[in-house]
Amino acid sequence: MSHTSLSSTSAPIHTVSDYLDCMQVVMVNTTLPANIGSAARAMHTMGLSRLTVVDPKLPIDESSVSHAAGGSDLLSSAIIAPTLESAIANCQLVFAASSRSRHLPRPVVTPTQAAQIMLAFIDSQSTLSTKENPDVNQAIDSKQKPNIAILFGREDRGLTNEELAYADYHIQIDANPDYPVLNVASAVQVIASFIFAYTQSHFQANAKTDDISLDDNTIVTAQPTVDVHLRQQWDEPAITQQQLQQLTQRTTDLMVQRGLADSEHLKSLPSRLSRLGSRLQLDQKEYQLLSALIAKLSKV
């Protein structure tokens, strides 16, 4: 298994597997190695092959392998990351599985809606790469290939508010309102099954969009939620999660420097700036423009 954070490799988007290869499951601070194996099995049955485990309390072991069954190869290629930040640094779009609303909520979507957003994003980024490289027959440069993360939390308490703040969207699975809590591997199985099913129908060009409409850029979801807006036109690649966090930090530092914020009492300012950045869905040129503006204002 690897111990470094890797971006997705270059490959054409020609098959269902090509779509699914743009997605990675990220398990955060798991307690039981067996659950990692069960998640790997769930992923394998639904065509997902990229697994990242962030700071597990116990390493992948024989119990992981036995629970993985046919998905044991995913354990061999799994990335072990020291922090969530490093695990998703190269990701352009991040989802988090969450069973309840949190402070400063992000847009809440169903698994089906999440799958639709993912594939719309992959198509938009892939089309962009093809336009920039018309002779490559839809081959996507490794630096530009869409890279999407789906975060899953600890067995006993899920993801923290700080970890959820990294996500652009929160996925909620319809369940018994009196106890809407799934085992982490079960949550992986449910969400992965929706992704696989929608990817198949999308690839076959006969998907039905009963739960989501992309025509007006807005998704209507159950409460509590924030309106979801999907950027349809991309003339530059999307920024990565690492760039978003850098921009958030630079903006926070500038506000402190200009007396617009107190460094000792930032409260939810960084989270709000990060959420704003997610909503804007910046591309690389826009990121460069804002970075240059912040740098200039910092020197005035």
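Just so you know, these numbers come straight off a predicted model, no measurement behind them.
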ILVMFWY network linking Leu289 to Leu247, side-chain heavy atoms under 4.5 angstrom: no
Are Val184 and Leu58 connected in the hydrophobic side-chain network, where two residues link if heavy atoms are under 4.5 Å apart? no
Taking the side chain from Ser291 and the backbone from Tyr287, do they hold a donor-acceptor pair closer than 3.5 Å? yes
Run His44 and Ser49 through side chain to side chain contact (heavy atoms under 4.5 Å, CB included) and show every step you take. CA-CA 6 Å; His44 185 59; Ser49 60; over 6 Å; no
Compare all side-chain heavy atoms of Leu269 with those of Met255 and state whether any distance is below 4.5 angstrom. yes
Measure from the side-chain N and O atoms of Ser298 to the backbone N and O of Ile294, and report whether any donor-acceptor pair falls under 3.5 Å. yes
Asp178 to Pro180 - nearest heavy-atom pair and separation: C-CD, 3.9 Å
Please determine which of Gln125, Arg50, Gln241, Gln92 meets the side-chain hydrogen bond (donor to acceptor under 3.5 Å, both in side chains) test together with Asn147. Arg50
Surrounding CG of Asp156 (heavy atoms of other residues, nucleotides or ligands, distance under 6.0 Å), is the total greater than 12? yes
Between Asp21 and Lys145, does any NZ, NE, NH1 or NH2 come within less than 4.0 Å of an OD or OE carboxylate oxygen? yes
Residues Gln249 and Asp253: side-chain donor-acceptor under 3.5 angstrom: yes
Measure the CG-CZ distance between Leu20 and Phe203 for me, rounded to the nearest 0.5 Å. 11.0 Å
Main-chain N/O of Leu297 paired to Arg258 side chain as donor or acceptor, under 3.5 Å: yes
Using the side chain to side chain contact (heavy atoms under 4.5 Å, CB included) rule, take Cys91 and Ile148 through it: C-alpha gap first, then chi angles, then the decisive distance, then the call. CA-CA 6 Å; Cys91 295; Ile148 300 171; over 6 Å; no
For Trp234 and Gln281, the nearest pair of non-hydrogen atoms, with its separation, is CH2-O, 3.5 Å
With the 4.5 Å side-chain cut-off for hydrophobic clustering, are Ile117 and Met46 part of the same group? yes
Any heavy-atom pair between the side chains of Ile191 and Ile173 that's under 4.5 Å? yes
State the SG-CE distance between Cys22 and Met118, to the nearest 0.5 angstrom. 11.5 Å
Please check if any side-chain donor atom of Glu85 sits under 3.5 Å from a side-chain acceptor atom of Gln242, or the reverse. no
Heavy-atom pair of closest approach, residues Arg106 and Asp168: CB-O, 4.0 Å
Answer yes or no: is there a side-chain heavy-atom contact under 4.5 Å between Thr52 and Val25? no
Looking only at non-hydrogen atoms, find the nearest pair between Ala165 and Ser274 and report the distance. O-OG, 3.8 Å
Using a distance-only test with no angle check, is there a side-chain donor-acceptor pair under 3.5 angstrom linking His67 and Asn35? no
Distance-minimising heavy-atom pair for Pro111 and Gln172: CD-O, 3.5 Å
Minimum side-chain heavy-atom gap Ile79-Leu51 below 4.5 Å: no
Which atom names give the shortest non-hydrogen contact between Ala81 and Ala87, and what distance separates them? CB-CB, 3.8 Å
Is a side-chain donor-acceptor pair under 3.5 Å present for Thr45 with Gln189? yes
So, Ser66 versus Ser63: side-chain donor-acceptor pair below 3.5 Å or not? no
Under 4.0 Å between a Lys/Arg side-chain N and an Asp/Glu carboxylate O for Arg154 and Glu163? yes
Test log, rule side chain to side chain contact (heavy atoms under 4.5 Å, CB included), inputs Leu75 and Val65: CA-CA 7 Å; Leu75 300 178; Val65 176; 4.1 Å; yes
Spell out, as yes or no, whether a donor-acceptor pair under 3.5 Å connects the side chain of His170 to the backbone of Leu164. yes
Would you say Pro56 and Thr30 make side-chain contact, with heavy atoms under 4.5 Å? yes
Would you say Asp18's side chain and Thr15's backbone share a donor-acceptor pair under 3.5 angstrom? yes
Pairwise side-chain contact, Glu162 with Leu84, heavy-atom cut-off 4.5 Å (strictly under): no
Nearest 0.5 Å, please: how far is CD in Gln24 from CG in Asn90? 9.0 Å
Drop me the distance from Thr240's OG1 to Ile88's CD1, to the nearest 0.5 angstrom. 9.5 Å
Connected via hydrophobic side-chain network under 4.5 Å: Phe194 and Leu48: yes
Please check if the side chain of Thr110 supplies one atom and the backbone of Gln113 the other of a donor-acceptor pair under 3.5 Å. yes
Pairwise side-chain contact, Arg250 with Thr248, heavy-atom cut-off 4.5 Å (strictly under): no
Option from Leu276, Leu273, Val256 for which side-chain contact (heavy atoms from CB on, under 4.5 Å) with Thr251 holds: Leu273
When the ring planes of Phe95 and Tyr169 are compared, do they come out parallel, tilted or perpendicular, using 30° and 60° as the limits? parallel
CG of Leu244 to CG of Leu282: how many Å apart, nearest 0.5 Å? 7.5 Å
Rounded to the nearest 0.5 angstrom, the OG-CE distance for Ser38 and Met43 is 13.0 Å
Where the side chain of Glu155 meets the backbone of Leu32, is there a donor-acceptor pair that is under 3.5 Å apart? yes
Tell me whether Ile150 is reachable from Val16 by hopping between hydrophobic residues (I, L, V, M, F, W, Y) whose side-chain heavy atoms are closer than 4.5 Å. yes
Validation row: Phe152, Val188 side chains within 4.5 angstrom (heavy atoms): yes
List the steps and the verdict of side chain to side chain contact (heavy atoms under 4.5 Å, CB included) for Asp55 and Thr83. CA-CA 6 Å; Asp55 188 28; Thr83 64; over 6 Å; no
Taking atom types as modelled and ignoring hydrogens, do the side chains of Asp73 and Ser76 form a donor-acceptor contact shorter than 3.5 angstrom? no
